[in-house]
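For reference, positions follow the sequence shown, starting with 1. Please read these numbers as outputs of a predicted model, since none were measured by experiment. Note that these values count all heavy atoms, side chains included, but never hydrogens, waters or copies made by symmetry. Start at 1 and go down the list; that is how both ligands and their atoms are numbered.
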Amino acid sequence: MARLWENPKSQTESIVADYTAAEDALLDNHLVPEDLITNAAHARMLAERGYISAQECRAILDELARIHDAWQSGNFMVSAADEDVHTKIENAVTIAIGEPGKKMHTGRSRNDQVLTDLRLYLRRRLASLALLAARLAQDFHDFAERAALHAMPGYTHMQRAMPSSVALWAGAFTEALADDAEQLLSQHAQADISPLGSGAGYGVSLKIDRELTARLMGFSRVQINPLHCQNSRGKIEGMALAAVSNLMMTLGRFAGDMLLFTTSEYGFFSVADRFTTGSSIMPQKKNLDIMELLRARVHTVQAAEQLVKAIPLGLPSGYSRDLQEMKKPLIEAFSIAESSLAVVSALLGGITVNTERLRAALSAEIYATDAVFRRVEEGVPFRDAYHEIKSALDDVQPPRDSLALALHASRDAAATIGTPANPGLALLLGRVTPLQKRAEAALDAACAIFPALVRKE
Ligand code: ARG
């Protein structure tokens, strides 16, 4: 389809079109629902301000709704020949309904259009990641609860350090994921500002209503200065990716632990065969490739964050085409994070805890610090008690039963080694449930915008 700006008498070299838009047009397929929202809100505002008639607006909205249906059933694709999603949709509407389609771009630029699409995209993807992260936090909580009776060595410097529990280990991921979900939601709030109407970066001299479009798209406010709107492209995306890469760090640590604890050497956990892959030469191999790839993809996402933050560096104020280049790392990072959350959630359901191996790893010396604390409770100064135990390490005795072991556990650390009185896990759940609700509400709000915009009154 024709480019919006092209002079038919002086066609652009195909090498230019390929270099500038071929890959970007494909990436724009991720922005179709967002561009439809931007178009619908803008059309409603144009009608409100008298730039198009109510009938023209209705025709545009109906056509946008038809495109939405086609897109949902896989029949609307942006291709390299379309240049971008904005061109594709404007052309499609114009072909379908004629004149009103040609008025859709009144008072806007693709520069503020893509900015708005990206804000809407960030809102939707951040809400959905936050929801998945909060759900996974709950999965870890449930896993911790099921594993509550299993003691496990705690390590520092990869050396046995103190007695701990599977619940404490799993609960750490619950809390980390709650932190991650919270950060994703706070980035959601940062992205929740409307740049639509900032035009190419210098506003427009028509009587557009930026408050109205912002409200129609459910943004909490208008981003005020039009030049700042352009200059903030990349900064908001970079902050969002910082939250995404923090989430990946949590998942990466889990992957590292799983790879270690499922080795024959540790053997603390085993995973169901359906989560492993085989070797083409060694018949016995059951490899946990999913965790290795997750570990590697933490770096891919961190690199995406760095790339998104680097691209705007040194650019002059206003739009430069460089900015387009951050779409790819942005979209890739979200898709990696989403699939990684899904993989971890599936794997959690296939872990067997090998109680005997865990118990065998809790060798007597791991209780040395507890022995010191017992002497402290008896009134001995800590340093004296420390040296006393250190000089007779061989005398340190493990507790006789799991109840004695439970007494060691810190009350608020989710270290539930068989202590129903331990409030740790309940405290964690108290954080997770409201986060799930907030993320769910944000996602529902994002999904409700387009149907509301095209609904017939
Ligand atoms: N694909 C472009 C981008 O992502 C859309 C904006 C194009 N604007 C322009 N002036 N060429 O930045």
task = Return the orientation label for the Trp169 and Phe173 ring planes: parallel under 30°, perpendicular over 60°, tilted otherwise.
result = perpendicular

request  = From the options Thr20, Asn111, Asp117, select the one whose nearest heavy atom is closest to atom 9 (C) of ligand 1.
outcome  = Asn111

inquiry  = On a heavy-atom basis, I'd like to know which of Glu83, Arg110, Arg233, His86 is closest to atom 4 (O) of ligand 1.
reply    = Arg233

request  = Check whether any heavy atom of Leu323 sits under 4.0 Å from an atom of ligand 1.
outcome  = no

ask   = What residue and heavy atom of the protein are closest to atom 2 (C) of ligand 1, and at what distance?
value = Gln324 OE1, 3.4 Å

inquiry  = Quick test: of every protein heavy atom, which one is nearest to atom 3 (C) of ligand 1, and how far off is it to 0.1 Å?
reply    = Tyr319 OH, 3.4 Å

ask   = Does Glu292 CD have over 12 foreign heavy atoms under 6.0 Å away?
value = yes

query = Is the CD atom of Glu325 crowded by more than 12 outside heavy atoms at less than 6.0 Å?
reply = no

task = Considering only NZ, NE, NH1 and NH2 on the basic side and carboxylate oxygens on the acidic side, decide whether Lys102 and Glu99 come within less than 4.0 Å.
result = yes

So if I count the atoms of ligand 1 from 1 in the order they appear, which ones are less than 4.0 Å from some heavy atom of [X]?
X	answer
Asp24	1 (N)
Lys327	1 (N), 4 (O)
Val114	4 (O)

Would you tabulate the side-chain donor-acceptor contacts of residues 298-312 under 3.5 Å, counting partners in other chains and residues two or more places apart, or write 'none'?
| residue | atom | partner | partner atom | Å |
| --- | --- | --- | --- | --- |
| Glu305 | OE1 | Ser245 | OG | 2.6 |
| Glu305 | OE2 | Lys309 | NZ | 2.7 |

message = For a quick check under 3.5 Å, do Asp84 and Thr87 share a side-chain donor-acceptor pair by atom type?
response = yes

key: Within-cut-off N or O pair, Asp84 and ligand 1, under 3.5 Å   = no

task = Examine the proximity of ligand 1 to Gln113 and report which part, side chain or backbone, both or neither, has a heavy atom under 4.0 Å away.
result = neither

key: Check against side chain to side chain donor-acceptor pair (under 3.5 Å), Ser198 and Gln223   = CA-CA 9 Å; Ser198 60; Gln223 192 175 21; over 6 Å; no

